[in-house]
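First the structure, in the form of structure tokens, and then the observations on it.
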Amino acid sequence: MEADKRTAGIASSDRAVKISLQHIQMVYETRNRQMVALHDINLHIKEGEFVVFIGPSGCGKSTLLRVIAGLLKPTAGTMLIGGRPTAKPGADRAVVFQDDSVFPWLNVEQNIEYGLKLKGIARVEREEAVDRCLRMVGLTRHGIRKMLPKELSGGMRKRVDMARAVANNPDVLLMDEPFGMLDAMTKQKLQVETVQIWEETGKTVCFVTHDLEEALFLADRIIILGADPGHIHLEIDPSFSRPRRIGLKMTAEFQEKRGQLQDILNALSGKGGEELDH
Ligand SMILES: Nc1ncnc2c1ncn2[C@@H]1O[C@H](COP(=O)(O)OP(=O)(O)OP(=O)(O)O)[C@@H](O)[C@H]1O
Ligand SMILES: [Mg+2]
């Protein structure tokens, strides 16, 4: 593996387990019916690992991410974060959903510093954090700090959303189809920035997507979930060296792996895969 700031001198096998899911079960109660969304999920994610979840629509990806975020309490099983049993949200985990979580009534800098203000962080430090996070997500346009979300494009709002998530310096970043609504070019740029943020900060990332190229480009490990009930079907290590840059997607090896992944998903869903890669 290429040496970088995060892992210099630390082999992946020596890194501590950050998230441990043990026999996680999630049953939704709807009217007089029970729906088993996740069944016996066992998973260990290491500190600084970039894990991507893929699988057919409705197989439980978002449910799993919400369990890890502490937004959903599993019906059975145990979750350890940093070795401690956890069932609630915490400042150690930040979530980026498909829809922006930015507050429309706050300007860019107020959105990014919101969590820091709640923690009582002094103004000078907050300003530094806003600057650092804006740079990290590539928002350097003059006057951007005072703009309201409605004055920004979808891609810029998503960048503010990511800056908001990293400003609190969480250990774990949970991203549920964060770029699903963006055009192809913006999506690609944000994928590159996500890799750069991850390389710079060493965060543990759990990322859900339907886009197989996105999964292969970002992941240390791809976890394929199957449905009815949601379970881990297969784990894949894309084994592309790092740092990864966008040209990787043009290589024959990348496209071959993409095809193999598509075949696995098609077989899994038992159909043409039309829902699997949009
Ligand atoms: N609040 C809820 N109440 C009842 N059932 C739910 C609830 N949320 C999700 N489900 C069900 O749980 C299953 C898993 O849903 P989930 O949203 O986790 O799937 P997903 O893999 O994220 O799908 P998609 O790719 O479409 O986003 C689905 O069958 C869904 O209908
Ligand atoms: Mg989902």
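Counting convention: from 1, in listed order, for ligands and their atoms alike.
Contacts between Lys61 and ligand 1 below 4.0 angstrom, taking non-hydrogen atoms only, involve backbone and side chain alike.
Geometric assessment of Lys158 against the ring of Phe179 yields a negative cation-pi assignment under the 6.0 Å and 45° thresholds.
Residue Ser57 has at least one nitrogen or oxygen atom sitting less than 3.5 Å from a nitrogen or oxygen atom of ligand 1, judged on distance alone. Checked by distance only, ligand 1 and Gly58 come closer than 3.5 Å through their nitrogen or oxygen atoms. Polar contact check, Cys59 against ligand 1: a nitrogen or oxygen pair lies under 3.5 Å apart. Between Ala37 and ligand 1, not a single N/O pair is under 3.5 Å apart.
Within the structure, the closest approach of Met26 to ligand 1 does not fall below 4.0 Å when heavy atoms are considered. No heavy atom of Glu29 sits closer than 4.0 Å to any atom of ligand 1.
For atom 29 (O) of ligand 1, the closest non-hydrogen atom on the protein side is Met35 CE, 3.3 Å. Regarding atom 17 (O) of ligand 1, its nearest protein heavy-atom neighbour is Ser62 CB, 3.8 Å. Ranking protein heavy atoms by distance to atom 27 (O) of ligand 1, first place goes to Glu177 OE2, 3.6 Å. Tyr28 CE1, 3.3 Å is the protein heavy atom nearest to atom 10 (N) of ligand 1.
Two residues are said to be in side-chain contact when any heavy atoms from C-beta on lie closer than 4.5 Å; Arg145 and Leu134 meet this criterion. With contacts defined as side-chain heavy-atom distances shorter than 4.5 Å, the pair Asn111/Pro149 qualifies.
At least one protein heavy atom sits closer than 4.0 Å to atom 2 (C) of ligand 1. The presence of a protein heavy atom under 4.0 Å from atom 31 (O) of ligand 1 is ruled out.
A side chain to side chain contact (heavy atoms under 4.5 Å, CB included) with Lys18 is found for one member of Leu80, Ile45, Asp171 and no other, namely Asp171.
Residue Lys257 comes nearest to Leu216 through the heavy atom pair C-CD1, 3.9 Å, listed as atom of the first residue, atom of the second, then distance.
Looking only at atom types and distance, the side chain of Gln255 has a donor-acceptor partner in the side chain of Glu213 under 3.5 Å away. A donor and an acceptor atom, one from each side chain of Thr63 and Tyr28, are located under 3.5 Å apart. Between the side chains of Gln188 and Thr186, no donor-acceptor pair of N or O atoms lies under 3.5 Å. Side-chain N/O atoms of Glu214 and Thr209 include a donor and acceptor closer than 3.5 Å.
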Next on the checklist: Set out, in order, the CA-CA distance, both residues' side-chain angles and the distance that settles salt bridge (charged side-chain N to carboxylate O under 4.0 Å, His left out) for Glu199 and Arg245, then state yes or no.
Outcome noted: CA-CA 12 Å; Glu199 285 169 358; Arg245 297 297 174 250; 3.3 Å; yes

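The nearest N, O or S atom of Ser62 is closer to the Mg ion (ligand 2) than 2.8 Å.
Residue Thr30 has at least one heavy-atom neighbour below 4.0 Å for each of these atoms of ligand 1: 3 (N), 4 (C). For ligand 1, the atoms sitting less than 4.0 Å from at least one non-hydrogen atom of Thr63 are 14 (C), 15 (O), 16 (P), 18 (O), numbered in the order shown with element in parentheses.
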